[in-house]
Each structure stands twice: as C-alpha cells, then as structure tokens.
Amino acid sequence: MDNVYLCFNIEKDNLKDAFYGLKALGVEGFNVTMPYKEDVMEFIDTFSKEARGISAVNTVYIDGGKTYGHNTDATGFIRGLKEESSKGARGDTVLLLGAGGAAKALAYSLLEDKCKKLYVYNRTYERALKLKELDPRVEVIGEVSQVIDYVDLIVNTTSVGMDDLSKSPLPDSIDFKSKQRLVDIIYKPWDTKLMLKARADGAFSLNGFPMLFWQAVEAYELWNGITIEKVQIDEIRGILKEKGIIK
Ligand code: ATR
C-alpha cells in the first residue's frame, strides 16, 4: 500500500498545533505515545469505548474532518494473548503487577475479556486503588503471596526487569505452577528474569512484543479500513525475524 509512517518528537507546548497540523495536512491517522496518551484527548471528537474506559488514546483516526480516538493497546494485548497462547483471559483469575498507565489499559482489556477476578498488586498500594473504579471484580492486595498459588494468569506491567536481567517484580522465592501463564509486557530483554523463572518452572510465558505488534496491526486496520490476513501477518513476522527484530 502507498503509505508512510513517520516519527515525530513533539514538545508538550506544541501538542495542540501538532494535532491540528496533522489534521490540516489530511493524514489518515497517527499514533500517540508516552506521555501524551491522555493530554491528546481534549482535541479528539469521538472515542471508542476502550479509549473512554481507559481515558487514554494511542491511535487517532481522521475521517471526513472528524477525529476518532482509539486504544489499541487494550485490544492488541488481548489479541496478542489469544494468538500466542490460544486463549484470552475469559474465566481466569488474574494477578496484575503495577498500577500505571499500561496497567490501566490491560486491566480494562482483561475485564472486557471476562476474566473472573483481577487482583492488583503495586509497590504503591494507594495508586492501585484507583483501578477498583473500573469494576467490582478488581481487588487490590498488599502481598502477592496471598494469591500467587491459585491465579491462572500473571501480567507484569511494571518496569522492573526492563533492560536489567538481574531484577524481577516478584521475589525469587516464588514458584510458578506449570498450568499458570505469565505475560511480561517488557520486550527488552526479550526474556526477562521473571519470564525465565516462569519457564524454568514449566509455566507458559510471553513477552511484550505481541502487544506491541498487535496494537500496531489494529491501528493499521483502523486507518486503512482493512483486515490484515493471517498470511500477511506471517509475512510481516518473517521480515521482522530476518531483520533480527524478533526471535
Ligand atoms: P506505564 O505508563 O508504563 O505503566 P508508569 O505509569 O510510570 O508507567 O508505571 C510504572 C509502574 O511500574 C508502576 O506501577 C510503578 O509502581 P509505583 O506506582 O509504586 O511507582 C512500577 N514500578 C516502577 N519501578 C518500580 C520498582 N523499582 N519496584 C516496583 N514497582 C515499580
């Protein structure tokens, strides 16, 4: 397709001009990343239910002079999980580590996908409490040991372990059960310390690349009004492998 995708570094003071500038130029849409996923919302006309529920936008689609805000981090996360591990979160008891922006998007998507229960553990307990507003299934816990043995799915959204193989958001003493699944949204390193531990214990583990990949697929589909077919997905994966971007 005759498209280009470019990156721009924008100062906060220029965010409004950049937004309306892109609109005036007639671009199909754009992604918004940290730290503007919330700030950008004041310029957008209409929101998807995910963007509204999470109060953050990572994808803007422009059509007929109107702007639409989406959150494909949330939809992409579940799609990636389903693609890579054959099921999403339906019926699962989940432990979510962290309570920042990424945690909110993932909490929303796990709840939307009908998880049974969502325990949230965060270093700063009070910050996690705001996630309770999402749904009565959310429960904030003060110690992971309270639930670690019986959760089905563990999702790390903290930055602990990023660029550092010596750190993990869970104590070394914690063992995974072989039927548990772990998703760490970090992808640098490709396998985090937490993932290596889960794998050594026989549990399924997934890094953050599928989320990154599928949020991009979903954005591209929105902008172009298409569905990217499995054969094309495999082709893209092949190219990324060839370039050494994924393993
Ligand atoms: P993001 O938008 O990527 O989620 P964020 O909003 O800065 O980023 O959130 C980072 C998360 O990692 C938070 O849950 C943070 O915990 P706090 O709320 O207590 O700050 C967590 N985090 C970062 N560094 C951490 C550390 N050294 N130990 C434990 N948790 C940490």
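Counting starts at 1 for both ligands and their atoms, in listed order. Values below: all heavy atoms of this structure, side chains included; hydrogens, waters and symmetry mates excluded. Residues: numbered from 1 along the sequence shown. Because the structure is a prediction, the values reported are computed rather than measured.
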Worksheet item: What residues form a ring pair (Phe, Tyr, Trp, His ring centres under 6.0 Å) with F30, not counting sequence neighbours?
Response: F19
Practice prompt. Could you list all the ring-ring contact (aromatic ring centres under 6.0 Å, His included) pairs where at least one residue sits in residues 116-156, not counting sequence neighbours?
Written response: none
Discussion item. Suppose clustering is done on Ile, Leu, Val, Met, Phe, Trp and Tyr with side-chain heavy atoms closer than 4.5 Å. Which residues sit in the same group as L196?
Written reply: L165
Discussion item. I'd like to know if the side chain of N71 pairs up with that of Y108 as donor and acceptor (distance under 3.5 Å, no hydrogens or angles considered).
Written reply: no
Worksheet, complete the sentence: Contact set, ligand 1, heavy-atom distance under 4.0 Å, ordered by chain/number, equals M34, G98, A99, G100, G101, A102, N122, R123, T124, R127, T158, S159, V160
Worksheet item: Which atom pair, heavy atoms only, marks the closest approach of G161 to T192?
Response: O-CG2, 4.2 Å
Worksheet entry | Exercise: identify the closest heavy-atom pair between M1 and N224 | CE-OD1, 3.6 Å
